[in-house]
Amino acid sequence: MPRTLIAGNWKMNGLRANLAEIEQVGAAVPASDLGPEVLLCLPATLIQAAAASVVGSGLKIGGETCHSKEKGAHTGDISAEMLKDAGASFVIVGHSERRADHAETDSVVAAQASAALRAGLTPIICVGETLAERDAGEVLKIISSQMAGSIPQDAEASTIVIAYEPVWAIGTGRVANTDQIAEVHGLIRNLLTDRFGEAGKGVRILYGGSMNPGNAAEILGVAEVNGGLIGGASLKAADFLAIYRQAAQ
Ligand code: PEP
């Protein structure tokens, strides 16, 4: 069984005044290889201070996106190397908000994931269908094509994480039901074993979409769910830790 990963995504939220929430999470997560791995992906402005404040705890810090290039004339962008230098160990790539707001295609996402690997970060590669695609019966086709296009050639099973995030469930309070989650996670697992062989069984597949302390235990109990990517409920230490504690049971 892959080790459970409980990952938060703060999106464009958080000022230095909110570092206390991160410190609270850090204080509750022991530095140990046992139990779930815990991660907060933060706005770039908070990464360095957050990483410094959780030294000695088990809480890891990540970025929310990265550019595919190491450096250069890309005003406003941030490289995977910069994230690593600031103290990140993971980075989300291909989040549906990035795909929608910044027209990031599968090939852009694959290049970003490859950049993360180059810098020594673990990419969390997001896939997920829109409501229109689900209603059109295209879920499995869309997920298969995003998986094929978004995982870079240089990825290995041990170096990536996949997050299934139905777009219609993100930030909406509408959660995919356990049958829907099981179906897509099962498909993703099969695609991973097709690609990586036996090692594909070890890739963590996270569910993301309105996960909260009230539904986390049920979702984490679904076959092939190896953790969560949590937006809104990761902003408050108490909520995020409640999810972590359910994963730790
Ligand atoms: C996300 O940001 O990846 C996410 C799943 O958000 P929320 O938990 O708020 O739906």
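It should be emphasised that the depicted structure is a prediction, and the values quoted were computed from it without experimental measurement. As the structure lists them, so they are numbered: ligands from 1, and atoms in each ligand from 1. All values below come from the heavy atoms of this structure, side chains included, with hydrogens, waters and symmetry mates left out.
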TODO: Could you say whether the N/O atoms of T172 and ligand 1 ever approach to under 3.5 Å?
DONE: no
Open item on the list: Does only the side chain of I170 get under 4.0 Å from ligand 1, or the backbone, or both, or neither? Count heavy atoms.
Closed with: both
Open item on the list: Is it true that N226 and T4 share a donor-acceptor pair across their side chains at a distance under 3.5 Å?
Closed with: no
Task: R99 versus S150, side-chain donor and acceptor atoms under 3.5 Å - done: yes
- [ ] Scan side-chain atoms only and decide if N190 and R195 contain a donor-acceptor pair under the 3.5 Å cut-off.
- [x] no
Task: Protein heavy atom at shortest distance from atom 1 (C) of ligand 1 - done: H95 NE2, 3.3 Å
Task: Atoms of ligand 1 close to S210 [distance to a heavy atom under 4.0 angstrom, numbered from 1] - done: 7 (P), 8 (O), 10 (O)
Open item on the list: Return the closest protein heavy atom for atom 2 (O) of ligand 1 as residue, atom name and distance.
Closed with: K11 CE, 2.6 Å
TODO: Run down the list G231, A7, G171, P166 and name the one with the heavy atom closest to atom 10 (O) of ligand 1.
DONE: G171
Open item on the list: Need the ligand 1 atom indices (1-based, order shown) with element for anything under 4.0 Å from a heavy-atom of N9.
Closed with: 1 (C), 2 (O), 3 (O)
Open item on the list: Against R98, only a single residue in E64, Q112, E104 fulfils side chain to side chain donor-acceptor pair (under 3.5 Å); can you say which?
Closed with: E104
Open item on the list: Side chain or backbone, does A233 bring an N or O within less than 3.5 Å of an N or O on ligand 1?
Closed with: no
TODO: Decide whether E133 and T130 meet the rule of one side-chain donor and one side-chain acceptor closer than 3.5 Å.
DONE: yes
TODO: Return the residue, atom name and 0.1 Å-rounded distance of the protein heavy atom closest to atom 9 (O) of ligand 1.
DONE: G232 N, 2.9 Å
TODO: Measure up the H185 and Y164 rings against each other and bin them: parallel (under 30°), tilted (30 to 60°), perpendicular (over 60°).
DONE: perpendicular
TODO: Please state which part of E97 comes within less than 4.0 Å of ligand 1, counting heavy atoms only: side chain, backbone, both or neither.
DONE: neither
TODO: Distance to 0.1 Å, residue and atom name: give those for the protein heavy atom nearest to atom 3 (O) of ligand 1.
DONE: E165 OE2, 2.6 Å
Open item on the list: If only side-chain N and O atoms count, and only distance matters, is there a donor-acceptor pair under 3.5 Å linking H95 with E165?
Closed with: yes
- [ ] Could you list which atoms of ligand 1 come closer than 4.0 Å to a heavy atom of A169?
- [x] 10 (O)
Task: Under-4.0 Å salt bridge between K141 and E129 - done: no
